[in-house]
Amino acid sequence: MVTGSREENASKQVKAFSEPSIVVARQNNALQIFALDDAAARLGLDVGLPLANARAICPEVQVYDADEAADAHALNAIAAWCDRFTPLVALDPPYGLFLDITGCVHLFGGEAAMMRLLCGALTAQGFAVSAAIAGTAVCARTLTRYAHGRIVRAGEEADAVRPLPVSALGAEAAVVTGLRRAGLKTIGDVADRARHEITARFGAGFTALLEQALGQGDAPISPRQPLPDYIVEKRFAEPVATEVVISATLSGLAAMLVAAMAQQGKGARRLEARFFRTDGAVRTIAVDTGQPVTRGEVIDRLFRERLDALSDPLDPGFGFDLIRLSASRTEIVVQQQRDLDANVHDNDELAALIDRIAARIGGKRVVVHLPQDTHIPERAVLAAAAQHHLAAAAHAVWPARAEGEPPLRPLRLFERPEQIKVIAQVPDGPPARFVWRRATHAVVRAEGPERVAMEWWRAENAALTRDYFRVEDEAGLRFWLYRDGLYDREIVQQEGRAVQPNWFMHGLFA
Amino acid sequence: MTGARTNTLASLRGNIERIEAHGEAYSPRRVALGHADADATLQGGLALGAMHEVFAEAGRQSAAATGFVAGLAGRAAATKLPHRPLVWIRQDFTEIESGAVSMSGLSELGLDPCLLVTVRAADVDSALRTAADALACDAVGAVVLEVWGGARQLDLVASRKLTLAAQASGATCLVLRMAAEPQPSTAETRWIVRAAHSPPAAPWSAWGAPVFDAQLVRNRHGPVGRWIMEWKCDECLFGKPAAYPQPVAAAPAHRPHQAPARARGSVFKRSGHRFA
């Protein structure tokens with residue numbers, strides 16, 4: 001099925017003015033009519049006519065600038081609204097939508113009733129709609145251009161489209177002109193010719209389009225969103241706006257969803273709640289979990305946390321008339337025997353805690369740490385989302401510390417080393433005194449250098465070798481500093497003058 | 001007076017008694033720190049299932065305070081096998097102010113980074129809420145809440161919430177306050193930690209083990225004190241640094257051990273009074 005909401009900009013305005021209105025866009029360096037309303041069409045204006053000619057025909061015509069971004073946005077919003085009819089909605093820009101209504105029709109009392117409902121609601125919002133239902137997407141689209149409201153039974157596609165003009169197919173302008181010049185005015189005329197002639201003249205793409213329009217082949221549509229694994233929804237005769245009803249509805253839906261998943265031994269990893277407002281706005285709220293969720297209370301609690309923490313709170317406006325809960329990613333749940341030492345239970349509780357925190361403040365803010373095989377201090381640890389890497393982190397193998405040695409790596413590490421001013425007794429020796437954050441520290445003890453060479457095999461711009469020093473100042477503070485570059489090898493004299501090496505503060509020892 | 005009213009009164013009196021005479025019934029599980037004097041002052045060690053505050057008065061002392069907190073958390077987590085995970089909650093910008101807690105650094109201290117979950121909260125409010133959530137979870141061993149600067153939100157009510165959550169679940173709550181002044185709170189103990197010199201030794205010997213000048217400025221159930229502590233990375237214990245001229249700082253035991261049976265004012269009033 002296709003809804004072609006044409007002339008939408010103009011038709012919205014015409015309600016207010018009921019004067020001929022046109023939308024113009026710059027094409028081929030001239031302002032041409034991009035869309036127009038019925039009143040303008042009756043005056044003989046047409047799409048593609050230059051604005052100057054239109055003004056000459058009708059001086060009082062209302063002119064608006066085209067805004068293609070806003071048009072695309074409106075089409076997306078309409079598509080989101082159409083999600084209430086079927087989860088499979090595809091965009092057909094600039095102003096078409098495909099809805100795959102297979103198996104959804106009985107919910108709305110038949111095809112005709114569903115089409116009336118959809119067209120009625122869109123017309124009430126001020127859009128001009130034409131819709132058709134057919135066995136293939138291309139056939140339905142062809143019909144919307146010239147036969148609004150047509151419902152074609154399976155197998156009758158060819159008869160339905162044959163009398164329509166070729167321009168209804170939606171092929172390129174050059175192809176349509178070519179066909180017209182060849183004297184082929186209707187789709188029936190083209191269909192009567194041998195296919196190889198058409199292919200030789202207009203290409204295989206056009207032949208495929210023609211066959212799909214005739215119902216002889218079908219191309220899949222690409223829906224805006226992947227089909228969720230499980231969907232439950234609740235419709236309201238009267239829109240609901242209170243928080244109590246909304247959260248009660250979510251709890252009920254969560255129980256239904258869990259029951260549906262339990263039959264196939266599945267648990268949800270990603271859940272989406274979708275709130276359809278009566279005025280057409282749709283709000284989607286998604287929650288990710290680290291482990292498959294199989295309990296309704298957990299889903300309920302996750303959504304409560306998420307809704308509580310929304311920076312842009314859920315605005316019911318005049319109320320929601322449909323609330324839908326879907327599990328867009330599911331996994332088979334492995335039932336685990338509870339151990340007597342309750343270790344498994346603890347892991348579950350920790351994962352549930354992580355899910356709750358992540359639902360409120362975002363999954364990227366809760367991290368576990370994985371060791372990396374590198375010597376470069378700032379890259380030695382990877383912070384990974386705890387929801388997905390909890391098990392990996394629990395079994396990670398960290399490099400063992402050397403027995404009897406003091407800590408060789410600082411407890412607090414700066415992600416970006418901070419440049420410091422250093423006075424060293426010998427150029428390649430440890431610092432004697434340094435200034436960090438406007439405070440001067442006199443070095444009492446120093447140990448080093450520990451030389452860390454950069455990874456030449458991955459460096460895009462070769463970084464310098466670092467000489468790290470552990471130092472302690474007169475107050476007992478312990479620091480980790482490094483000099484960037486090897487003296488006399490990477491730091492060479494320029495024009496007879498010694499170049500001062502750069503020193504950096506990289507970490508603080510406990 | 002009717003029987004019902006007498007009953008109500010009696011139960012209310014019981015409630016008040018339980019709140020006031022908390023000290024009497026107070027016998028939490030404790031874990032020894034390893035430093036003999038400190039353990040004696042703390043009556044056996046760090047109370048588990050309670051809230052403790054560690055202050056770094058200046059930003060540059062933050063690493064020392066972090067090390068002390070890591071040590072406390074390591075001791076608290078080591079009480080039970082298998083070791084419980086540690087949740088470390090911090091604000092985003094502390095990474096810039098004093099660096100992020102490094103996992104290599106933690107493992108150098110003898111702690112296990114596998115058991116650490118870090119939460120990067122955007123502000124104090126969400127950090128507090130996350131801490132309360134984490135403390136309510138039985139599976140967590142200890143929760144570290146790292147707050148930079150003076151935080152209005154960390155008032156008596158917030159700290160009371162954390163204390164109650166910690167008592168209910170048995171998880172230990174450690175609040176690491178950097179560049180902040182102590183405020184009234186319901187913490188079980190409050191420490192001010194500074195870095196101390198490494199013990200004098202030959203220049204070629206291994207130096208640089210974490211040494212803290214730990215000042216116990218508040219102890220709800222005992223006296224206070226000040227000690228030089230060394231964290232022994234191999235044994236995961238605090239201890240007295242070898243060959244350190246003890247005591248560097250006089251240990252002011254100016255507060256007598258309080259008699260537990262005495263009826264006291266309410267919890268809030270008491271802590272405020274003590275601070276003043």
Completion exercise
Turns out that what part of A/V381 lies under 4.5 Å from chain B's heavy atoms comes down to side chain

Handout entry: Most chain A-contacting option - heavy-atom pairs closer than 4.5 Å, from B/A134, B/G71, B/A70, B/A65
Key = B/A134

Practice task
Side-chain contact test, heavy atoms from C-beta onward, threshold under 4.5 Å: evaluate it for B/V117 versus A/V366 and give yes or no.
Solution key: yes

Problem - Interface residue of largest heavy-atom contact number with chain A, from B/V193, B/D112, B/I89, B/I96, under 4.5 Å - result: B/I96

Problem - Validation row: B/L116, A/V368 side chains within 4.5 angstrom (heavy atoms) - result: no

Handout entry: Among the listed options B/P113, B/G110, B/S104, the residue most often paired with chain A at heavy-atom distances under 4.5 Å
Key = B/P113

Handout entry: For the student: nearest non-hydrogen atoms of A/L508 and B/A63, plus distance
Key = CB-CB, 3.4 Å

Practice task
Check whether more than 12 heavy atoms from other residues, nucleotides or ligands sit under 6.0 Å from atom CD of A/E243, and answer yes or no.
Solution key: no

Exercise for the section: Dump the intermediate steps for salt bridge (Lys or Arg N to Asp or Glu O under 4.0 Å) on A/E305 and B/R129, then the final yes or no. Expected result: CA-CA 11 Å; A/E305 297 274 5; B/R129 186 148 178 210; 3.6 Å; yes

Exercise for the section: Evaluate the side-chain proximity of A/P407 to B/L109: yes if any heavy-atom separation is below 4.5 Å, no if none is. Expected result: yes

Problem - Closest approach of A/P406 to B/W207 (non-hydrogen atoms, all atoms of both residues) - result: CG-O, 3.0 Å

Exercise for the section: Please look at A/L353 and chain B and tell me whether the side chain, the backbone, both or neither of the residue comes under 4.5 angstrom of a heavy atom of that chain. Expected result: side chain

Handout entry: Step-by-step salt bridge (Lys or Arg N to Asp or Glu O under 4.0 Å) determination, B/E146 to A/R412
Key = CA-CA 13 Å; B/E146 186 180 306; A/R412 301 200 77 113; 2.7 Å; yes

Practice task
Output yes when a side-chain donor or acceptor of A/R365 lies under 3.5 Å from a complementary backbone atom of B/V119, and no otherwise.
Solution key: no

Exercise for the section: Specify which of B/M103, B/R60, B/R194, B/K232 makes the most heavy-atom pairs with chain A at under 4.5 Å. Expected result: B/M103

Completion exercise
Looking only at A/G404, A/P399, A/A392, A/G507, the option with the highest number of non-hydrogen pairs under 4.5 Å against chain B is A/G404

Problem - Proximal component of A/P371, with respect to chain B [non-hydrogen, under 4.5 Å] - result: neither

Problem - Greatest number of heavy atom pairs closer than 4.5 Å to chain A - which of B/G105, B/G67, B/G99, B/S102 - result: B/G99

Problem - Largest heavy-atom contact set with chain B, pairs under 4.5 Å, which of A/V397, A/I361, A/L477 - result: A/L477

Exercise for the section: State, yes or no, whether a side-chain contact exists between B/C114 and A/W398 at a heavy-atom distance under 4.5 Å. Expected result: yes

Fill in the blank from the handout: chain B shares the most heavy-atom pairs under 4.5 Å, among A/E474, A/R416, A/E472, with A/E472

Practice task
Heavy atoms only, distances under 4.5 angstrom: which of B/T66, B/V101, B/D133, B/T130 has the most pairs with chain A? Name it, please.
Solution key: B/T66

Practice task
For B/D138 and A/E349, work out which heavy atoms get closest and say how close.
Solution key: N-OE1, 3.5 Å

Handout entry: Audit row: B/S198, A/R478, side chain to side chain donor-acceptor pair (under 3.5 Å) steps and yes/no
Key = CA-CA 9 Å; B/S198 296; A/R478 286 168 279 273; 3.3 Å; yes

Handout entry: Among the listed options A/A475, A/G362, A/P377, the residue most often paired with chain B at heavy-atom distances under 4.5 Å
Key = A/A475

Practice task
Indicate whether any N or O donor in one side chain lies under 3.5 Å from an N or O acceptor in the other, for A/R409 and B/S107.
Solution key: no

Problem - Under 4.5 Å from any heavy atom of chain B - which part of A/R470 - result: both

Practice task
Could you check if a side-chain atom of B/C233 sits within less than 4.5 angstrom of a side-chain atom of A/R401, using non-hydrogen atoms only?
Solution key: yes

Practice task
For residues B/D234 and A/A402, report the shortest heavy-atom separation together with the two atoms involved.
Solution key: OD1-O, 4.4 Å

Practice task
Output the option from A/L370, A/L408, A/L390, A/I354 having the highest count of non-hydrogen pairs under 4.5 Å with chain B.
Solution key: A/L408

Exercise for the section: Answer yes or no: are there more than 12 heavy-atom neighbours, outside A/E450 itself, under 6.0 Å from its atom CD? Expected result: yes

